[in-house]
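Structure first, commentary second.
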Amino acid sequence: MYIFDTILNRMRRGCQTIPYPKGPAPALPDRHGGALRLDASLCPEGCAQCQGVCPTRAITLEPGRGARLDLGRCLFCGDCVAACPHGAITETNDHRLATRRREDLILGETGAEELRLAAALDKKMKSLLGRSLRLRQVSAGGCGACEADINVLGTIGWDLGRFGIQYVASPRHADGVLITGPVTKGMELALQKTWAAVPEPRIAIALGSCAISGGPFIGHSQHNGGADPIIPIDLYIPGCPPHPLTILDGFLRLLGRLPKHNL
Amino acid sequence: MNTIAPFFSFTNASRISWASVPVFSVTKLVRLTDEMLESGARLCSWFGVPDHDGTILVAVLALDSESILGVARSEPISGSYPSLTPKHPQAHLFEREVWEQHGLVPVGHPWLKPVRHTFENAPANAPFFLVEGGEMHEVAVGPVHAGVIEPGHFRFQCAGEEVLHLEIALGYQHRGIEEALPGGPYPATMSQMEALAGDTSIAHATAYASVMEALAGMEAPLRAQWLRAIALELERLANHTGDMGALAMDVAFLPTSAACGKIRGDFLNLTALMCGNRFGRGLIRPGGCRHDLEEERLITLTERLKAHMADVEQAMAWFWDAASVRVRFRNVGVVHPSQATDIGLVGPAARACGLVRDVRFDHPAGWHRFSHSPVAVWPSGDIFARARVRSLEIQRSGRYLFDQLAAPVDGDITAVLSAPQPESMTVALVEGWRGEVCHVALTDHFGRFRSYKITDPSFHNWTGLALSLRGTAVSDFPICNKSFNLSYCGFDL
Ligand code: SF4
Ligand code: SF4
């Protein structure tokens with residue numbers, strides 16, 4: 001029975017994969033908020049209302065310099081947006097969050113109100129990896145939600161395979177590693193060994209606030225505060241966890257495969 | 001009627017004073033706990049609280065048939081105490097954990113070694129249980145597994161294809177969450193609770209919020225409780241659907257696998273519709289909820305849910321229709337009901353062994369005091385049963401949600417939270433999709449956390465996976481593992 005059922009069903013539904021990036025990006029949930037923007041010139045002297053509500057101390061205030069907000073630490077809870085009476089911190093509803101350099105995630109200074117989105121790999125790397133990027137994912141002490149949304153990209157809705165991007169079982173088959181979690185002491189060695197087993201040239205991606213800074217567990221002594229101190233990172237994808245669209249945007253941005261209107 | 005005396009009896013998510021928790025000598029505490037477990041109680045938690053130079057052992061039991069919890073403690077001790085494990089295997093991990101954290105030796109424990117202790121650069125799990133003989137071989141897997149999945153290490157003792165024993169070593173995800181809690185709550189505590197186990201954000205966040213509310217001597221407004229119950233079922237739907245897809249994938253039944261992968265995302269998006277985050281981060285806060293389900297949003301949610309439920313029903317129908325699937329699941333990975341009772345299984349894994357065990361029904365708190373959905377049980381203890389229970393729960397969660405969405409509750413969604421009361425204790429149990437989530441908090445003289453103990457359902461259930469493998473083929477491991485789908489990070493707090 002089910003054979004006819006499934007075939008019929010299959011025909012009725014047609015293709016379920018989203019048209020993005022050729023077509024428009026699927027809308028983020030209205031309460032998502034997306035990337036944050038911080039215009040520190042709006043901060044009056046002495047105001048520190050946002051700082052007190054942030055769970056990860058992502059916001060710092062130095063006298064005379066206004067606020068700084070580190071999206072690498074941010075959990076995107078939105079509490080600071082609600083707490084700021086001056087409209088200095090706002091949500092942009094933008095799903096694009098990936099950067100190439102850690103400091104590009106720090107907002108506040110004039111000209112750096114928003115994060116500086118990632119540039120594509122250089123020509124040589126792009127020609128090597130651009131059509132087939134194989135990633136070995138290493139889960140190193142997060143909560144499992146980042147991994148879940150990495151997996152989601154493999155489902156029919158997103159169909160990551162159509163970009164030539166694939167998660168592989170062996171680091172020997174991989175072009176790079178995709179790291180989640182703050183890199184616990186227990187996973188440090190495993191991550192190092194996995195990284196060492198990936199043939200060069202290779203890339204490393206830190207995904208989620210845990211892997212960038214330690215995320216909600218920032219300051220605990222049982223982890224390394226992210227992958228940075230252990231492996232040189234080529235791409236940071238912030239979020240807790242990042243929306244699948246944010247992850248996909250990061251991958252495609254790195255490979256230089258986003259059409260112009262999405263850059 | 002069974003009673004739990006001389007333990008102090010109380011109900012889920014209520015506050016008691018620390019002074020009212022009866023104190024016994026440690027031998028008496030062990031003996032009384034043993035008697036309680038003999039007469040049908042369950043061990044929810046067993047942990048140590050540092051006290052001057054010693055450690056106080058605390059036992060939290062559940063008497064499911066009476067909907068009550070019981071608690072007792074020992075005098076501060078150091079050194080050793082008689083182990084419960086030989087008679088009650090459900091205590092084995094708890095005793096190992098207490099030994100690891102406080103150095104108390106459970107005398108008579110058959111397999112005393114660390115649970116998640118990190119030694120230099122890796123968890124100190126060795127030595128492993130070893131079966132010797134000419135035909136024997138050992139298979140070691142992990143910590144980095146083949147897929148996109150959390151780390152753990154599995155050590156199989158095999159005779160040919162047959163698994164004689166599987167030992168599971170965790171601890172790789174240990175982030176020091178419990179150790180960071182005394183003296184709190186801190187600004188980061190709520191976010192950490194939501195990230196104890198990423199796929200169980202709602203259940204853990206609800207348990208933590210209930211703890212804070214109980215300690216403050218208040219309740220969240222009814223509408224907030226209603227919202228939490230809705231979010232909890234959405235979480236269950238997403239994860240059960242994902243598991244059914246994963247099971248289908250591993251027996252190469254692709255129609256259901258492909259469909260469920262997508263539908264799981266659809267359910268996650270319903271949670272995102274409520275609060276912006278697919279895993280429900282930021283929805284629940286002590287004192288209430290941060291986002292409301294306004295009328296328009298509720299209508300959208302109901303409509304989308306209807307479509308997704310129809311999709312998942314269809315995907316399930318294909319699955320159960322296929323003889324090839326049924327054959328692959330029957331009599332594989334069996335956990336006998338008596339084993340399930342002995343090791344204290346919880347959640348769908350327990351219900352798949354015929355145990356009628358469900359916190360929503362046994363220890364109703366919050367919105368579940370006013371609304372029920374039938375407990376899904378299947379008797380055979382195999383993979384078939386675990387898949388079947390999930391499939392039944394998908395139907396029942398769906399029906400429950402439609403009932404709830406059809407009758408919204410009026411009122412506020414947050415209340416002002418008062419400060420936690422000093423020298424108090426509370427236990428919050430929530431039936432997460434994987435089973436019983438247990439949070440126990442104890443406050444000090446100033447109302448700050450003196451101790452906070454979290455037990456994820458995985459803590460009880462990993463032993464179930466190990467047992468289910470005995471006598472099966474190594475190649476059955478993937479489907480056995482998926483049929484439990486336990487949390488590594490929930491275990492490695
Ligand atoms: S949105 Fe980010 S920066 Fe703002 S309070 Fe939350 S975690 Fe902190
Ligand atoms: S960044 Fe957030 S979602 Fe990702 S692993 Fe860490 S806690 Fe979990």
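First the proteins, then the strands, lettered A, B, ... as listed; each starts at 1.
- A donor-acceptor pair under 3.5 Å links the side-chain atoms of B:E178 to the main chain of B:I454, judged by distance alone.
- With chain B as the partner, the residue from A:H223, A:K193, A:H220 showing the most heavy-atom pairs under 4.5 Å is A:H220.
- Heavy atoms of B:M190 lying under 4.5 Å from chain A are absent altogether.
- Per-residue heavy-atom pair counts under 4.5 Å with chain A were compared for B:C275, B:G242, B:G265, and the maximum is reached by B:C275.
- Contacts between A:R13 and chain B at a heavy-atom distance below 4.5 Å involve the side chain alone, from C-beta outward.
- Proximity to chain B (any heavy atom under 4.5 Å) is restricted, for A:Y167, to the side chain, taken from C-beta onward.
- Contacts of A:V183 with chain B are absent, with no heavy-atom separation under 4.5 Å from either backbone or side chain.
- Note on A:N9, A:V138, A:T194, A:I156: by heavy-atom pairs under 4.5 Å with chain B, the leading option is A:N9.
- Top candidate by heavy-atom pairs under 4.5 Å with chain B, chosen from A:Q137, A:R57, A:R136, A:Q16, is A:R136.
- Neither the backbone nor the side chain of A:T56 comes within less than 4.5 Å of any heavy atom in chain B.
- Ring geometry for B:H145 against B:F154 counts as parallel: the plane angle stays under 30°, on a 0 to 90° scale with 60° as the upper cut.
- Atom CD of B:E294 has more than 12 heavy atoms from other residues, nucleotides or ligands within 6.0 Å.
- Per-residue heavy-atom pair counts under 4.5 Å with chain B were compared for A:G214, A:P55, A:C143, and the maximum is reached by A:C143.
- One finds a salt bridge joining B:R278 and A:D149 here, because a Lys/Arg side-chain nitrogen approaches an Asp/Glu carboxylate oxygen to under 4.0 Å.
- Geometric assessment of A:R202 against the ring of A:W195 yields a positive cation-pi assignment under the 6.0 Å and 45° thresholds.
- With a 4.5 angstrom heavy-atom cutoff, A:T155 touches chain B only via side-chain atoms.
- Taking chain B as the reference chain and counting heavy-atom pairs below 4.5 Å, the highest number among A:G52, A:G142, A:C54 is found for A:G142.
- With a 4.5 angstrom heavy-atom cutoff, B:I149 touches chain A only via backbone atoms.
- The candidate from B:L273, B:V148, B:V144 with the greatest count of non-hydrogen atom pairs under 4.5 Å with chain A is B:V148.
- Residues B:R434 and B:E235 are not paired through a salt bridge, judged by the lack of any N-O separation under 4.0 Å between the basic side chain and the carboxylate.
- When heavy atoms are compared at a cutoff of 4.5 Å, A:D79 approaches chain B by way of both its backbone and its side chain.
- For B:K482 and B:D250, the salt-bridge test passes: some basic side-chain N is under 4.0 Å from an acidic carboxylate O.
- Under a 4.0 Å N-O distance rule, the pair B:E97/B:R116 qualifies as a salt bridge.
- Between B:F319 and B:F253, the ring planes are perpendicular. Angles over 60° get that label, and only those under 30° would be called parallel.
- Neither the backbone nor the side chain of A:C210 comes within contact range of chain B; no heavy atom of the residue lies under 4.5 Å from a heavy atom of that chain.
- Note: B:R290 leads B:M274, B:E179, B:R264, B:R290 in heavy-atom pairs under 4.5 Å with chain A.
- B:R304 places none of its side-chain heavy atoms less than 4.5 Å from the side chain of B:D266.
- If you measure heavy-atom distances from A:P244 to chain B, the contacts under 4.5 Å come from the side chain alone.
- Distance SG/A:C74 to CG/A:L97: 9.0 Å, rounded to 0.5 Å.
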